[in-house]
Amino acid sequence: MNMRQVPFFNYPAVFSQREQEYLQAAEGVLRRGAYIMQKDLFDFEAALAHYVGSRQAIGLADGTMAIALGLLTAGLRRGDEVILPSHTFVATAAAVHHAGGIPVLCDCGNDHLIEPDSVKRLLTKKTRAIVPVQLNGRTANMDPILQIANEHGLFIVEDSCQALGAKFKGRQAGTFGKTGAFSFYPSKTLGCFGDGGALVTDDDSIAEKVRLLRDHGRSSTGDITCFGFNARLDNLQAAILNVKLKHYQQEIERRREIARLYHERLFGMDDLVLPPGPDDDPAHFDIYQNYEVEAGRREALREFLDRSGVKTIIQWGGKPVHQFPALGFHVDLPQTDRLFKRCFLLPMNTSLTDDEVDYVCTQIRKFYSV
Ligand SMILES: *Cc1c(COP(=O)(O)O)cnc(C)c1O
């Protein structure tokens with residue numbers, strides 16, 4: 001039997017899409033022996049800042065560091081409480097912890113994103129910051145979040161690791177707070193061939209501190225100004241990212257096209273809740289890092305798809321942050337708990353063909369019709 005296979009993500013296929021360009025960029029770096037803090041990095045930072053529309057972009061080792069350094073340089077003090085959604089990668093909470101803060105987990109709304117009323121319920125005298133997570137390539141409704149922050153004198157550090165290029169009311173994800181964090185983990189929309197991240201900010205003094213902290217506290221003259229980290233984005237990855245960023249808008253358009261196809265083929269089924277379609281709401285421009293659906297009889301559906309060759313996953317290994325007992329959270333987050341009995345991700349990446357998307361939809365319809 002020649003069964004069709006639709007992998008969840010196909011790394012080799014992503015490489016071969018622009019193989020020659022990647023090899024050329026990598027060879028350039030290797031021949032120059034330009035590995036750390038070199039021209040490709042500075043070029044990438046300028047291009048990224050321009051793309052996001054922020055004054056400053058600083059390449060970092062990964063997205064987690066970008067969140068942590070954002071919190072540290074925006075003024076977090078030891079013991080401050082930071083509110084973030086539980087429906088996120090554990091990295092968001094870990095970044096708060098390592099920056100000296102206390103992560104406080106809130107619930108999510110129907111859009112799977114940070115829920116403003118839940119944030120309000122968790123405010124205390126110790127609350128100092130909010131970390132909205134712009135999940136799945138969609139920016140949260142930032143109006144109520146900004147309002148809460150303003151009313152209570154809190155600062156915002158955005159986890160926009162999944163949302164480079166996403167917009168809310170015309171404003172880019174990553175530009176709503178003091179700092180924004182991006183991740184270039186290989187399966188991210190702008191993925192490099194290893195780990196990578198960046199922080200964006202309009203605040204020059206924050207940018208200066210981040211530049212010191214990422215490189216052992218060293219200034220341009222070699223003077224040590226503080227205890228820093230080794231949190232640099234290496235130049236080889238930056239060279240790859242320069243290639244990728246050039247084609248990025250086109251990649252987003254392809255993802256939006258795939259979302260449109262899913263929407264057309266799957267809309268209106270009782271047992272399936274889809275993300276908003278790409279043209280549903282003019283306030284949002286979504287980039288579809290993921291296509292996260294809610295499904296009745298989820299486990300049976302996922303098994304059926306698996307047997308049909310369609311690979312799916314549940315984010316974070318199946319659990320939001322508060323459900324990992326080792327982390328010691330004891331909170332009641334009913335909407336997140338409910339969502340995690342139903343949510344999973346359909347394949348969403350630029351190596352998918354229309355035909356494959358069609359096949360996935362046909363299998364889902366087949367499952368629910370019996
Ligand atoms: C990927 C991701 C991160 C962390 O990124 P790394 O580059 O792997 O450190 C943080 N938050 C969210 C929501 C992510 O998806």
Worked verdict on His247 versus Glu21 for side chain to side chain donor-acceptor pair (under 3.5 Å): CA-CA 11 Å; His247 302 287; Glu21 281 180 83; 3.0 Å; yes

Any donor-acceptor N or O pair under 3.5 Å, side chains Glu253, Gln249: no

Within 6.0 angstrom of Asn110 CG, more than 12 heavy atoms from elsewhere: no

Test item: Asp202 side-chain N/O and Ser54 main-chain N/O as donor-acceptor pair under 3.5 Å: no

Residue pair Thr350 / Arg254, side-chain donor-acceptor N/O under 3.5 Å: no

Arg128 side-chain N/O to Leu154 backbone N/O, donor-acceptor pair under 3.5 Å: no

Within the 6.0 Å centroid threshold, strictly below: His284 and Phe168: yes

Verdict with reasoning, Glu81 to Thr124, per side chain to side chain donor-acceptor pair (under 3.5 Å): CA-CA 8 Å; Glu81 291 178 3; Thr124 72; 2.8 Å; yes

Interatomic spacing from CG in Asp107 to NE2 in His322 - rounded to 0.5 Å: 7.5 Å

Listed partners of Phe184 passing ring pair (Phe, Tyr, Trp, His ring centres under 6.0 Å), at least two apart: Phe44

Note: Lys311-Asp306 ion pair, threshold 4.0 Å (strictly below): yes

Donor-acceptor contact present, side-chain Thr88 to main-chain Pro85, <3.5 Å: no

Member of Arg214, Lys39, Arg55 meeting the salt bridge (Lys or Arg N to Asp or Glu O under 4.0 Å) criterion with Glu45: Arg214

Test item: side-chain donor near acceptor, Glu158 and Thr179, under 3.5 Å: no

Rounded distance (nearest 0.5 Å) linking atom CG of Leu352 with atom CG of Leu261: 10.0 Å

Minimum heavy-atom distance Val360-Leu305, with the two atoms named: O-CD2, 4.4 Å

Tyr11 with Leu236, same ILVMFWY side-chain cluster at under 4.5 Å: no

Distance-only donor-acceptor check, side chains Asp203 and Ser205, under 3.5 Å: yes

Polar side chain donor-acceptor pair, Asn235 to Asp40, under 3.5 angstrom: yes

Donor + acceptor pair across side chains of Asp355, Thr353 (<3.5 Å): no

Ser308 side chain to Gln363 side chain, donor-acceptor N/O pair below 3.5 angstrom: yes

Distance flag, aromatic centroids of Phe340 and His87, threshold under 6.0 Å: yes

Donor-acceptor pair between Asp159 and Gln134 side chains, under 3.5 angstrom: no

Any side-chain donor near an acceptor of the partner, Gln323 and Asp337, under 3.5 Å: yes

Shortest non-hydrogen contact from Pro275 toward Val293: CD-CG1, 4.1 Å

Tyr51 side chain reached by Leu164 side chain, heavy atoms, under 4.5 Å: yes

Pair Gln289-Asn136, side-chain donor/acceptor within less than 3.5 Å: no

Backbone N/O of Arg77 and side chain of Asp80: donor-acceptor pair under 3.5 Å: yes

Test of ring centre spacing under 6.0 Å for Tyr22 and Phe193: yes

Heavy-atom pair of closest approach, residues Thr175 and Arg171: O-NH2, 3.0 Å

Donor-acceptor pair, side chain of Asp62 and main chain of Thr64, under 3.5 angstrom: yes

Between Gln315 and Gln162, a side-chain donor and acceptor under 3.5 Å: yes

